[in-house]
Every structure is written in C-alpha cells, then in structure tokens.
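To keep things clear, I will list the structure first and then write my remarks on it.
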Amino acid sequence: MKDGVLLRQVINIIDELDLEDYEESHAFGEIYESILKELQSAGSSGEFYTPRAVTEFMAKMINPQIGETVADFACGTGGFLTSWINELSKKVETVEDREKLLSSIYGVEKKPFPYMLCVTNMLLHDIDEPKVYYDNSLLKDVLDYTERDCFDVILMNPPYGGHEKDEVKNHFPSDLADSETADLFMSVIMYRLKKNGRAAVILPDGFMFGTDNTKVAITKKLLSEFNLHTVIRMPHSVFAPYTSITTNILFFDKTGETKETWFYRLDMPEGYKNFSKTKPMKIEHFAPAMEWWNNREEINIDGFDKAKKYSVDEFADRNYNIDLCGYPHEEEEILPPKELIEQYQEKRASLNADIDRILEQITDILGISFTEED
C-alpha cells in the first residue's frame, strides 16, 4: 500500500462492490474470513485465530437460543462470535428474533489489530453496532462484577502460554491469582457466567495436570460451583503451526456442583498424522464426538480409555489432576520427504511464534521496543 497507484486500483475494485446486495455481501464475508484463516499460519498473528471447525463444534454443542447473550473476553478476530451468529441464525423466525440476535454478542480484545479485524468481521455479519471493545478483560477486580456484567453463554479460547504482571494478579483473589494468562481468564469466566448459564472453553493440557496450588484452587472452584459435565480432548496440531500444545474443550454450566464428568478423546481422523495448512481440521472430523454426545457410553480401545465417566471424588483422590482419557504413546512414523519437509516447516513456524511471544513478554517487562531489524 506504499504504492499510490496500487492503492487506487484496490479502492476502485472495492468501490464496485454492492454491499447492500445480500449475495454479494455474503460472498465478501466469506472472502474476509478466508483471509482471517490465513492468519493461523502467519507466525505470532496465529494467536488471533481459532480454527473454524473448532468454533463451529463448540457453538453447535452449546446450542444457542434466541434471547441469550454470548461473550468472548479475548475475542481476537471474532471467530466464536461469528460461529454463534451462524448457529443462532438457524433459529430466527421473526423480526424480533433477528433484533435479539443482533444484540446478543459481546467481545473484548486488547490488541488493536485483531480488534479492528473483529469489528470489521461483525459489520460483515450485519451487526451494525457491534458490542466489541478495545480493552483488557483482566484489568478489573473480579469481585466487583455484578449480575449485569454476566452472560448466558461464554465461548472462549483464552490466550495461554503468556504471563501477566503482578498488578494484573492483584485483580484476583489471592488463591486464584496465577501469572498464567489462561488461568486468570478461567477465573474471569467463572465470575461472569450467569446462573444456569453455559460455557465452552479451550484450555491447554497444563490446566488439566493441576501442577500447582493455584491451578488446583481454580479446578476446585470450577467443580464445587459449576457442573463440569464434559471434557473433549483434542488431538495435537489442531493449532499448528502456531503452537503444537495439545488442548481441551471444557463444557460446563452454572446449575450446581459437579457430580460426574465425561471425558472423550477425539482421535486423529483416518489418513491423518498431523493437521496442517494443506490438511486443516474440518467440522466433519468432530462427527464421532457429536454422535457420542447424545448417546454417551464408555469406550476402551486396546486397553486405553477413549471415553469414560469419572466422579468428583475420583478427581479429589488424584489431587485434582484431571489428565484422563489421554492419547496413547505412538511410535514415530517415517514420512515421505515432502510431508517430512512440511512437518519441519510447521514446527519451525511454531517455534518462531513461541520465540516472538517470549520476546514480546521480555520487552514489555523491560519497557523497550523491539523489531526484527534490531
């Protein structure tokens, strides 16, 4: 865009679009979302994008209803909000229903670039006045939240792997004040979910292990005040190449304490060893989990639990380490040269993203700026 002639050519093309036309507007929205999808493999920008298959699955399982509100307190480019809109649109029957849908979303994003992309995304989905705010959800005392600050549904993929400054931790009760970003967001979610509300949240394996007192305290609060009814364990490389960290989807509601929790391991689809840019995760890969969801039964394959129900007493006996129905160890596979090269390229991209994130944290602490040219 440094070239004025090229900029003029782009403006001329955009000027030809008729965004008043539904078909053309819808097509432009599809193009825009495909551009956002490219961010998933764009180095550190990948943190702004959760794969569409994952957001669609979570929205389907949460089963949105007309009149409900949804929130994402670290909304990135708005993937969860658009999946909510698309799922809820299927239930719109009247003009009043449509108005309720348009006013049902709430998002917060602290980084300017993804915030701008999210607002644009909402406008392209006919949300003329999107309730998306440029802010940091961790900078308010969680004990100050009232019923007016709560939502019927929360859909989120909280940032993980980051560490917050001490002043951020001061906004949380001492037993929940962790420096790990995902843990802090989990506390925000618990304080901002309405009574009888529902939530679906992506968390890394580190949360499941309960390796320190703070994680155990968060897990205890979740189990004693909420009904953690389902945990879907996702295969590795879902977020490749941004990160290779294995993640989980926690489904819970605020209807009472947890008595038992189902775990389900979503295995790699047949013919896949890794997800990649050329072989991304698709919504149909969640088909086994969706089929199991309404007809739950325990599944054991070759001595390894794939689906199983555990009581809250069993969690306590394990000191709240809920790393259950995990993935069996697999022997390393010898890949064809082309696939091997692609795999190494994605691992390199993932490492570069980790390095960028750590450098950003260090430079924030030191209060200095850093660029690749430096």
Side-chain angles (χ1 to χ4, degrees), residues 50 54-65 68-72 80 83-84 87-88 150-158 182-183 185-205 207-210 215-235 238 246-267 286-300 305-326:
T50 304
V54 179
T55 63
E56 282 186 9
F57 169 73
M58 291 168 68
K60 282 179 183 296
M61 296 301 98
I62 214 72
N63 191 22
Q65 302 296 316
E68 290 183 328
T69 55
V70 66
D72 183 346
F80 283 105
S83 288
W84 166 272
E87 194 64 27
L88 191 55
C150 296
F151 298 88
D152 298 299
V153 175
I154 296 174
L155 291 171
M156 276 196 73
N157 176 15
D183 294 344
F185 269 106
M186 192 60 190
S187 294
V188 171
I189 291 165
M190 290 191 287
Y191 277 100
R192 300 195 69 176
L193 187 64
K194 276 186 179 181
K195 185 178 180 180
N196 297 320
R198 311 184 303 288
V201 183
I202 297 174
L203 289 171
D205 271 5
F207 181 85
M208 311 293 285
F209 302 154
K215 279 184 169 55
V216 169
I218 295 170
T219 304
K220 282 183 177 180
K221 180 177 177 66
L222 175 63
L223 296 172
S224 62
E225 298 180 21
F226 301 82
N227 174 30
L228 175 64
H229 55 82
T230 310
V231 176
I232 303 293
R233 311 216 60 176
M234 290 198 289
V238 168
T246 308
T247 53
N248 312 271
I249 309 174
L250 276 62
F251 290 90
F252 56 94
D253 54 55
K254 197 172 183 179
T255 59
E257 64 181 9
T258 303
K259 291 184 171 58
E260 57 186 30
T261 303
W262 278 97
F263 285 74
Y264 180 89
R265 186 184 73 233
L266 183 68
D267 291 319
F286 279 102
M290 288 189 275
E291 184 179 347
W292 169 86
W293 186 277
N294 293 319
N295 298 285
R296 302 188 176 198
E297 60 179 8
E298 295 192 351
I299 304 170
N300 184 287
D305 290 319
K306 176 181 172 67
K308 192 172 180 179
K309 180 172 59 178
Y310 293 88
S311 71
V312 72
D313 291 336
E314 289 177 285
F315 294 153
D317 292 341
R318 295 174 53 86
N319 195 29
Y320 297 97
N321 179 333
I322 56 174
D323 178 27
L324 299 161
C325 293

For this session: Kindly give the heavy-atom pair with the smallest separation between Pro64 and Ala59, and that separation in Å.
Result: CD-O, 3.3 Å
Problem set entry | Non-neighbouring partners of Glu257 that pass side-chain hydrogen bond (donor to acceptor under 3.5 Å, both in side chains), sequence neighbours left out | none
Exercise. Measuring from Leu266:CG to Ile249:CD1, what's the distance to the nearest 0.5 Å?
Worked result: 8.0 Å
Problem set entry | Check: Thr261 and Tyr310 side chains under 4.5 Å, non-hydrogen atoms | no
For this session: Look up atom CG in Leu155 and atom CE in Met58, then write down how far apart they are to the nearest 0.5 Å.
Result: 5.5 Å
Exercise. Between Thr55, Thr50, Leu203, Asp72, which is the residue that forms a side chain to side chain contact (heavy atoms under 4.5 Å, CB included) with Asn157?
Worked result: Thr50
For this session: Go through the steps to decide whether Phe57 and Met290 satisfy the test side-chain contact (heavy atoms from CB on, under 4.5 Å), and finish with yes or no.
Result: CA-CA 8 Å; Phe57 169 73; Met290 288 189 275; 3.6 Å; yes
For this session: State the CE-NZ distance between Met190 and Lys254, to the nearest 0.5 angstrom.
Result: 10.0 Å
Exercise. Who pairs with Asn300 by side chain to side chain contact (heavy atoms under 4.5 Å, CB included), at least two apart in sequence or on another chain?
Worked result: Asp305
Problem set entry | CG on Leu250 to CD1 on Ile189, rounded to 0.5 Å | 9.5 Å
Problem set entry | With Thr247 via side-chain hydrogen bond (donor to acceptor under 3.5 Å, both in side chains) - residues at least two apart | none
Exercise. What pair of heavy atoms forms the shortest contact from Glu297 to Ala307, and how long is it?
Worked result: O-CB, 3.7 Å
Exercise. For Phe185, which residues count as a ring pair (Phe, Tyr, Trp, His ring centres under 6.0 Å) partner, sequence neighbours excluded?
Worked result: none
For this session: Would you confirm whether Gln65, through its side chain, and Asn63, through its main-chain N or O, come within 3.5 Å as a donor-acceptor pair?
Result: yes
For this session: Report the distance from atom SG of Cys325 to atom NZ of Lys306, rounding to the nearest 0.5 Å.
Result: 9.5 Å
For this session: Tell me, please, which residues at least two apart from Ser187 pass side-chain hydrogen bond (donor to acceptor under 3.5 Å, both in side chains).
Result: none
Exercise. Considering only heavy atoms from C-beta outward, does the side chain of Phe252 approach that of Val201 to under 4.5 Å?
Worked result: yes
For this session: Find the distance between CZ (Phe207) and OG1 (Thr219) and round it off to the nearest 0.5 Å.
Result: 4.0 Å
Seminar exercise, completed: Contacts satisfying salt bridge (Lys or Arg N to Asp or Glu O under 4.0 Å) that involve residues 191-204 (not counting sequence neighbours) are Glu68-Arg198, Asp152-Lys194
For this session: Go through the structure and list residues passing salt bridge (charged side-chain N to carboxylate O under 4.0 Å, His left out) with Asp183, not counting sequence neighbours.
Result: Lys215
Problem set entry | Test salt bridge (charged side-chain N to carboxylate O under 4.0 Å, His left out) applied to Glu87 - qualifying residues, sequence neighbours left out | Lys60, Lys90
Problem set entry | Nearest atoms (heavy-atom pairs only) where Cys150 meets Tyr191 | SG-O, 3.6 Å
Problem set entry | Short side-chain to backbone donor-acceptor contact, Lys308 and Glu298, under 3.5 Å | no
Seminar exercise, completed: Contacts satisfying salt bridge (Lys or Arg N to Asp or Glu O under 4.0 Å) that involve residues 309-322 (not counting sequence neighbours) are Glu260-Lys309
Exercise. Who pairs with Pro204 by side chain to side chain contact (heavy atoms under 4.5 Å, CB included), at least two apart in sequence or on another chain?
Worked result: Tyr160, Ala182, Ile245
Problem set entry | Partners meeting ring pair (Phe, Tyr, Trp, His ring centres under 6.0 Å) with Trp292 (sequence neighbours left out) | Trp262, Tyr264
What pairs of donor and acceptor atoms, side-chain ones from residues 222-235 against any protein atom, are under 3.5 angstrom apart with sequence neighbours left out?
residue: Ser224; atom: OG; partner: Lys220; partner atom: O; Å: 2.8
residue: Ser224; atom: OG; partner: Lys221; partner atom: O; Å: 3.4
residue: Glu225; atom: OE1; partner: Lys221; partner atom: NZ; Å: 3.0
residue: Glu225; atom: OE2; partner: Lys221; partner atom: NZ; Å: 3.1
residue: Thr230; atom: OG1; partner: Arg296; partner atom: NH1; Å: 2.8
residue: Thr230; atom: OG1; partner: Arg296; partner atom: NH2; Å: 2.9
residue: Arg233; atom: NE; partner: Asn248; partner atom: OD1; Å: 2.9
residue: Arg233; atom: NH1; partner: Asp323; partner atom: OD1; Å: 2.6
residue: Arg233; atom: NH1; partner: Leu324; partner atom: O; Å: 2.9
residue: Arg233; atom: NH2; partner: Asp205; partner atom: OD1; Å: 3.2
residue: Arg233; atom: NH2; partner: Asn248; partner atom: OD1; Å: 3.4
residue: Arg233; atom: NH2; partner: Asp323; partner atom: OD1; Å: 3.1

